[in-house]
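No hydrogens, no waters, no symmetry mates; every other heavy atom, side chains included, goes into these values.
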Amino acid sequence: DLRSGSTRKWWDVPPESVYAFSFYIWQQVQRWPTNGEEDYPRNLRALSAYLTPSCRAFLQQDYEYRRASGELRQRVRGIYEIPGRGYRASAVEVLSRDAWVVTLDMAIDEQYAGTPVRDLFIRYPLRIVRADVDPQRNPWGLQVDCFDGTPQRLAVPGREEEGELL
């Protein structure tokens, strides 16, 4: 509300902005609209400015493993926020002025040749860091530094899934 004036330190990044960044970038990296074998590496190249070098290397290794095992060929993947599990104050842990852990609860559905092969809910604990390296390519000034812990499979009441309940 600017009617009464507002000041904010220039280096402050609001938690909701960190959440929005992490959700948008992670969804784009993990979405394969036509063929995972082509979409996944294309996403990694297109979004490389938003990934730390170590995260990019980790995801490249993940791509190579999945490709070698035949998991990506003709695989289509959608990844979405679980309704009702979007931004909330507890979803962003401030580690420092330059680092956060964001918890994303997401639904993933995958299809092979039009046949559903995977439909699950997963919690991603993502580490986000400040990285004002190239404002032309990354105006957010943030990068995904991959996982801050192991992603967990979630179960939603009313669905037969393994894992913890939301």
**Student:** Atom CG of Asn43 and atom CD of Gln30: how far apart are they, to the nearest 0.5 Å?
**Tutor:**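 Interatomic distance, Asn43 CG to Gln30 CD, rounded to 0.5 Å: 8.5 Å.
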
**Student:** Report the C-alpha separation of Arg85 and Phe121 in whole Å, then their side-chain angles, then the decisive distance to 0.1 Å, and conclude whether the side chain to side chain contact (heavy atoms under 4.5 Å, CB included) test is met.
**Tutor:** CA-CA 11 Å; Arg85 300 294 297 179; Phe121 298 100; over 6 Å; no

**Student:** Look up atom CD1 in Ile79 and atom CD in Gln27, then write down how far apart they are to the nearest 0.5 Å.
**Tutor:** 7.0 Å

**Student:** Which pair of heavy atoms, one from Arg123 and one from Asp105, lies closest together, and at what distance?
**Tutor:** NE-OD1, 2.7 Å

**Student:** Is the shortest heavy-atom distance from the side chain of Phe23 to the side chain of Met106 under 4.5 Å?
**Tutor:** yes

**Student:** Specify the closest pair of heavy atoms between Arg66 and Leu72, including all atoms of both residues, with the distance to one decimal.
**Tutor:**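 The answer is CB-CG, 3.6 Å.
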
**Student:** Could you state the interatomic distance from CZ (Arg130) to CG (Leu142), rounded to the nearest 0.5 Å?
**Tutor:**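 Atom-to-atom, Arg130:CZ and Leu142:CG are 7.0 Å apart.
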
**Student:** What are the two closest heavy atoms between Leu59 and Cys146, and how far apart are they?
**Tutor:**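 Closest approach of Leu59 to Cys146, heavy atoms only: CG-SG, 4.1 Å.
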
**Student:** With a 3.5 Å cut-off and no angle check, do the side chains of Arg75 and Gln111 form a donor-acceptor pair?
**Tutor:**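 No, no side-chain donor-acceptor pair sits under 3.5 Å.
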
**Student:** What distance do Ile82 atom CD1 and Leu154 atom CG have between them, rounded to the nearest 0.5 Å?
**Tutor:**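 Between atom CD1 of Ile82 and atom CG of Leu154 there are 5.5 Å.
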
**Student:** Taking the hydrophobic residues Ile, Leu, Val, Met, Phe, Trp and Tyr, and joining any pair whose side-chain heavy atoms are under 4.5 Å apart, which ones share a cluster with Val129?
**Tutor:** none

**Student:** Would you say the side-chain atoms of Asp109 pair up with the backbone N or O of Asp119, donor to acceptor, closer than 3.5 Å?
**Tutor:** no

**Student:** So that I can tick it off, tell me whether Arg67 and Asp62 are bridged by a salt bridge, with the cut-off set at under 4.0 angstrom between side-chain N and carboxylate O.
**Tutor:** no

**Student:** Which residues pass the ring-ring contact (aromatic ring centres under 6.0 Å, His included) test with Tyr87, not counting sequence neighbours?
**Tutor:** Tyr19

**Student:** Calculate, to the nearest 0.5 Å, the distance between atoms OG and CD1 belonging to Ser22 and Ile128 respectively.
**Tutor:**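 Here the interatomic distance stands at 4.5 Å.
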
**Student:** Honestly curious: do Leu44 and Val133 fall in one hydrophobic cluster under the side-chain, below-4.5 Å linking rule?
**Tutor:** no

**Student:** Taking Gly86's backbone N and O only, do any of them form a donor-acceptor pair with Arg88's side chain (distance below 3.5 Å, no angle check)?
**Tutor:** yes

**Student:** Just to verify, what does Trp26 make a ring-ring contact (aromatic ring centres under 6.0 Å, His included) with, not counting sequence neighbours?
**Tutor:** Tyr124, Phe147

**Student:** Among pairs that include at least one residue of residues 95-119, which meet ring pair (Phe, Tyr, Trp, His ring centres under 6.0 Å), considering only residues two or more places apart or in two chains?
**Tutor:**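 Applying ring pair (Phe, Tyr, Trp, His ring centres under 6.0 Å) to every pair that reaches into residues 95-119, excluding sequence neighbours, yields nothing.
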
**Student:** With a 3.5 Å distance limit and no angle check, can you tell me whether Ser69 reaches the backbone of Tyr65 through a side-chain donor-acceptor pair?
**Tutor:** yes

**Student:** Any side chain to side chain donor-acceptor pair (under 3.5 Å) involving residues 48-59? Give me the pairs, sequence neighbours left out, ordered by first then second residue.
**Tutor:** Ser48-Arg137, Thr52-Ser54, Thr52-Asp145, Ser54-Asp145, Arg56-Gln60

**Student:** Spell out, yes or no, whether Ile122 and Val117 are grouped together once hydrophobic residues are joined by side-chain heavy atoms under 4.5 Å, including indirect joins.
**Tutor:**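 No, Ile122 and Val117 fall in different hydrophobic clusters.
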
**Student:** Shortest non-hydrogen contact from Pro151 to Pro125?
**Tutor:** CA-CD, 3.9 Å

**Student:** Please write out which residues are connected to Val101 in a hydrophobic cluster, directly or through intermediates, given that two of Ile, Leu, Val, Met, Phe, Trp, Tyr count as joined at side-chain heavy-atom separations below 4.5 angstrom.
**Tutor:** Leu95

**Student:** Can you give me the closest heavy-atom contact between Gln74 and Asn35, atom names plus distance?
**Tutor:**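 Reported closest heavy-atom pair: N-OD1, 2.9 Å.
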
**Student:** Nearest 0.5 Å please: distance from the CZ atom of Arg118 over to the CD1 atom of Ile108.
**Tutor:**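 Those atoms lie 7.5 Å apart.
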
**Student:** Apply salt bridge (charged side-chain N to carboxylate O under 4.0 Å, His left out) to the pair Glu37 and Arg42, showing each step before the final yes or no.
**Tutor:** CA-CA 9 Å; Glu37 203 166 46; Arg42 182 177 48 242; over 6 Å; no

**Student:** Can you name the closest pair of heavy atoms from Thr34 and Val76 and give their distance?
**Tutor:**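 Looks like O-CG2, 3.6 Å.
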
**Student:** In terms of hydrophobic clustering (I, L, V, M, F, W, Y; side-chain heavy atoms under 4.5 Å; direct or indirect links), are Leu47 and Tyr80 co-clustered?
**Tutor:**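 No; Tyr80 is not reachable from Leu47 via cluster members.
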
